[in-house]
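Values below: all heavy atoms of this structure, side chains included; hydrogens, waters and symmetry mates excluded. Sequence lines set the chain letters: A, B, ... in the order given, protein chains first and strands last, and positions in each chain run from 1.
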Amino acid sequence: MTTRHPASDPRYLNIGEVAQIVNVAPHVLRYWEKEFPQIRPMKRGGNRRFYRPGDVDTLLRIRHLLYDRRFTISGAREHLRQSSDAAAAGGGSAQELLDDIHRELLDLHRSLTAGSPDVSGHE
DNA sequence: ATTCTGACA
DNA sequence: TGTCAGAA
C-alpha cells in the first residue's frame, strides 16, 4: 500500500477535482463559498481546501439552480437556506427536503437527456 | 505543477 | 466570470 496523504484520501477532494466534477473553474468555487454559507470546505496545510462528498453534492445543486434554472445568487442562496431550514425544523419535514432534492435531480436528468450535450447550458 | 488571497476589469 | 500578481 502506498502512503495516504490527506490530499490523496478519496474521502476528501481538492478544488481542482471538484471543479472538474461540477464543471466550473476553481475561482468560481471560491466565489460561491463567499456567497453560500452552506459551503464550508475545511482548510489544511495552510490554505488548501478539502471538500467532503456532501460539499460536492451542494455544489452540484447550486450549479443546477444557477445555470439550469437561471436563479440569481440570492435566489439560489435562499433556496438552499429554506431547504436546510426545512431539514433543521425536524418536524417530520425531512421528507420535504428529500422531495425537493429529488425534484432538482429529476429536472437535471431531463436537461442531461434533452439532447443538449452541454450540461451547464452555456460556454 | 497546483492552489491561495486579494484586487481589478 | 475572467484574469493577473505574488506567495506558499
Asker: What nitrogen or oxygen pairs link the protein and nucleotides 3-8 of chain C at under 3.5 Å?
Answerer:
none

Asker: Among pairs that include at least one residue of residues 45-57 of chain A, which meet salt bridge (Lys or Arg N to Asp or Glu O under 4.0 Å), considering only residues two or more places apart or in two chains?
Answerer: A/Glu33-A/Arg49

Asker: Give the minimum heavy-atom separation between A/Ala25 and A/Ala19, together with the two atoms involved.
Answerer: C-CB, 4.4 Å

Asker: For A/Arg77, give me all partners under side-chain hydrogen bond (donor to acceptor under 3.5 Å, both in side chains), at least two apart in sequence or on another chain.
Answerer: A/Glu35

Asker: In sequence, state the C-alpha distance, the side-chain angles, and the governing distance for A/Leu65 and A/Leu80, and then conclude on side chain to side chain contact (heavy atoms under 4.5 Å, CB included).
Answerer: CA-CA 10 Å; A/Leu65 294 172; A/Leu80 291 180; 4.3 Å; yes

Asker: Just to verify, what does A/Thr72 make a side-chain contact (heavy atoms from CB on, under 4.5 Å) with, not counting sequence neighbours?
Answerer: A/Ser74

Asker: Yes or no on side chain to side chain contact (heavy atoms under 4.5 Å, CB included) for A/Met42 and A/Tyr12, after CA distance, side-chain angles and deciding distance?
Answerer: CA-CA 10 Å; A/Met42 51 250 45; A/Tyr12 296 112; 3.7 Å; yes

Asker: Do you know the tightest heavy-atom contact between A/Asn14 and A/Glu17?
Answerer: OD1-N, 2.8 Å

Asker: Starting from the 5' end of DNA chain B, give me the residue, A/Glu17 or A/Lys34, whose nearest nucleotide shows up first.
Answerer: A/Glu17

Asker: What are the bounds, 5' to 3', of the part of DNA chain B that sits under 4.0 Å from heavy atoms of chain A?
Answerer: B/dT2 to B/dT5

Asker: The criterion is side-chain hydrogen bond (donor to acceptor under 3.5 Å, both in side chains); which residues satisfy it with A/Glu78, sequence neighbours excluded?
Answerer: A/Arg81

Asker: Regarding A/Arg49, tell me which of base, sugar-phosphate or nothing describes its non-hydrogen contacts under 4.0 Å with the strands shown.
Answerer: sugar-phosphate

Asker: Take atom CD1 of A/Ile73 and atom P of C/dT1, then tell me their distance rounded to the nearest Å.
Answerer: 6 Å

